**Student:** 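Quick one: the structure is below, questions incoming.
Here is the naming used below: chain letters follow the sequence lines, and residue numbers restart at 1 for every chain. Bear in mind that the values here come from a model prediction, so they are computed numbers and not experimental data.
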Amino acid sequence: MSSKIKLLYSILVLIALLLPLQDFIYLVFAMKVLCFALFACAFNLLLGFTGLLSFGHAAFFGTSAYITAHLCKEAGLSPELGIVFGVLSSGILGFLIGSLAIRRQGIYFAMVTLALSQMIYFLAVQLPFTGGEDGIQGVPRGMLFGLIDLKDDVSMYYFVLAIFFLGFALIVRTVHSPFGQVLKAIRENEPRAVSLGYDVDRFKLISFVISAALAGLAGSLKTLVFQLATLTDVHWHMSGEVVLMTLLGGMGTILGPVVGAGIVVGLQNYLANIGSWSTIATGFIFVICVLAFRRGVVGEITHFFKNKS
Amino acid sequence: MFELLGITPQGLVAQLLVGLINGSFYAILSLGLAIIFGLLNIINFSHGAQYTMGAFVAWIGLTQVGQWFGFPEFSINYWFALILVPLVMGGFGLILERTMLKRLYHLDHLYGLLLTFGLALIIEGMFRHWYGISGESYPAPELLQGAIPLESIGIILPKYRLWVVVASLVVCFSTWYVIERTKLGAYLRAGTENPKLLQAFGINVPLMISLAYAYGVGLAGFAGVLAAPIFQVNPLMGSNLIIVVFAVVVIGGMGSIMGSILTGLALGLIEGLTKVFYPEASGVVIFVIMAIVLLIRPAGLFGREK
């Protein structure tokens with residue numbers, strides 16, 4: 001890591017840590033960005049670094065959201081335990097869906113993940129514990145480790161920030177590990193990775209499960225922040241949104257998904273008042289990204305500086 | 001046996017008919033997807049939105065156009081719409097292909113999927129903006145209103161539904177015939193195998209690809225016109241259907257035209273049967289079948305392993 005990038009990261013961390021001191025940015029909004037940034041980073045591990053386009057990541061995000069919401073509200077579990085169970089459930093679901101989906105490649109992979117996640121959506125509509133159209137509302141944020149009251153937005157913010165850093169560090173570590181190098185090899189040239197003797201399917205599956213579990217972590221956090229889990233979390237529009245965040249920020253870059261999540265969540269917040277236009281705007285951003293700048297915001301910037309030097 | 005399970009034969013036949021109708025829509029939409037995928041290598045995610053658009057264009061033509069121009073009595077005849085709407089949609093597809101999709105052929109497949117996903121959001125969002133999410137109604141043509149009573153088995157057969165099944169079967173099988181049995185179809189199939197070689201024989205491959213996309217979109221529009229009098233015309237009708245169609249495509253394997261037609265019809269019927277015997281599962285049965293098929297035959301029922 002070069003010193004410039006280290007400096008950039010230090011500044012970003014400092015800004016994140018000092019955020020509660022100001023009034024310009026609403027803290028709940030910042031937490032929402034962090035949750036979706038984690039979700040997009042988890043998704044990017046799969047798309048950007050393994051080359052697998054999953055179109056069903058809402059299933060993991062939503063399942064974990066529902067499990068955490070249910071356990072914290074009905075069973076009165078503490079928030080950290082709720083998150084642990086949420087992540088476990090989305091990890092297991094990731095293993096099931098992943099082992100089916102990696103049997104097909106490319107576009108088929110995307111369609112299989114999409115269809116299977118739609119199955120989870122139907123289950124969420126019909127199972128009694130999810131509350132159907134209403135979802136699970138009024139989830140208590142609870143006391144973290146029995147000590148810190150998360151009802152306070154500032155302590156909740158630092159909790160979310162800490163979890164985000166942990167998840168982000170885990171992803172960075174994974175990407176730069178020998179395991180991550182094998183994943184990149186699979187992305188670049190799968191037949192060659194096979195001929196080098198790697199069990200490609202196993203690597204893909206492990207990457208899928210990690211990604212699903214981290215997406216679940218993001219879902220659990222989101223539930224605690226907003227104190228609710230609804231059908232929106234499992235709907236396939238959510239899967240599309242996370243693809244957009246990653247694509248817009250720059251797939252295969254470390255910071256890209258964070259930037260993408262910030263832009264998309266920001267746009268939605270500002271466009272929320274004008275109804276259907278936010279869907280239309282999202283669609284246009286998709287089209288423009290695919291046609292004009294496929295590297296995404298971070299990808300284009302890095303590319304620009306690389307060309308200059 | 002029926003009495004044993006608490007199901008009347010009438011109920012069974014009625015649900016099978018509903019299943020057959022849904023199946024004809026699955027067949028016609030997955031056929032369009034298969035044609036587009038075959039030549040363009042693009043999963044047309046906007047297929048559902050284009051089906052919605054077909055239904056809306058028909059509805060606009062039938063109920064709105066007259067008012068716009070100050071002739072409330074004027075409306076486009078259903079039979080005319082059945083031909084006009086697919087042509088309009090085909091033209092729309094042609095523009096999309098020429099201006100956008102064309103730029104993506106040399107790239108990874110996933111960009112095509114993402115672009116068409118964006119288009120689907122735009123189309124869906126626009127109709128939602130203009131007409132809200134409550135449905136609009138669209139009358140069946142006079143000729144097809146009413147029903148045929150079948151007293152021997154005690155059910156009433158709505159004429160329009162029968163017409164939908166017949167019309168979509170005719171369109172599906174004539175498409176199959178053209179692709180598998182004629183010279184034009186031979187060019188199309190050659191284009192999917194080896195476009196460069198075909199170009200060397202003097203065939204205008206880019207034009208062929210554009211027309212194939214236009215035809216696929218036209219099929220979606222045709223399905224939309226057929227669907228309008230049965231289902232409510234609303235902006236979400238396509239996005240709900242398209243995921244089931246994707247599952248149909250995965251199960252069928254998209255390797256063959258006939259495969260997509262037969263799988264579509266069969267899955268519609270299975271869904272109908274599930275509604276009779278275990279209604280709670282009718283929403284997920286297709287996805288369960290998909291999971292099982294993937295375990296046994298990853299390439300799908302009619303697909304070839306590559």
**Student:** Counting only non-hydrogen atoms closer than 4.5 Å, can you tell me which residues of residues 250-267 of chain A sit against chain B?
**Tutor:**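 Near chain B, by residue number: M251(A).
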
**Student:** Between T116(B) and chain A, with a heavy-atom cut-off of 4.5 Å, which part of the residue counts as in contact: side chain, backbone, both or neither?
**Tutor:**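 Nothing of T116(B), per the 4.5 Å heavy-atom cut-off to chain A.
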
**Student:** Can you list the residues of residues 103-111 of chain B that sit under 4.5 Å from chain A, counting heavy atoms only?
**Tutor:**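 Result: R103(B), L104(B), L107(B), H109(B), L110(B), Y111(B).
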
**Student:** As an exercise, state the distance from CD of E241(A) to CG of L121(B), rounded to the nearest 0.5 Å.
**Tutor:**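 Between E241(A) CD and L121(B) CG, I get 9.0 Å after rounding to 0.5 Å.
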
**Student:** Tell me the closest heavy-atom pair linking A115(A) and I243(B), and the distance in Å.
**Tutor:**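 So the two residues come closest at CA-CG2, 4.1 Å.
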
**Student:** Determine the option with the most heavy-atom pairs under 4.5 angstrom with chain A, choosing from V284(B), I43(B), I286(B).
**Tutor:**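 Result: the option with the highest number of such pairs is I43(B).
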
**Student:** How far does CG of L291(A) sit from CG of L114(B), to the nearest 0.5 angstrom?
**Tutor:**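 The CG atom of L291(A) sits 11.0 Å away from the CG atom of L114(B).
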
**Student:** Among pairs that include at least one residue of residues 232-260 of chain B, which meet ring pair (Phe, Tyr, Trp, His ring centres under 6.0 Å), considering only residues two or more places apart or in two chains?
**Tutor:**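 The answer is F45(B)-F246(B).
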
**Student:** Applying a heavy-atom distance below 4.5 Å, give me the residues of residues 89-102 of chain B that approach chain A, sorted by number.
**Tutor:**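 So the qualifying residues are M100(B).
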
**Student:** From I280(A) CD1 over to H129(B) NE2, what is the distance, rounded to the nearest 0.5 angstrom?
**Tutor:**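 Output value for this atom pair is 6.5 Å.
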
**Student:** Below 4.5 Å from any heavy atom of chain B, which atoms of I288(A) appear? Answer side chain, backbone, both or neither.
**Tutor:**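 Contact with chain B: none, neither part.
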
**Student:** Any idea how F117(B) and F55(A) line up, ring-wise: parallel (<30°), tilted (30 to 60°), or perpendicular (>60°)?
**Tutor:**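 Rings of F117(B) and F55(A): perpendicular, as their planes differ by over 60°.
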
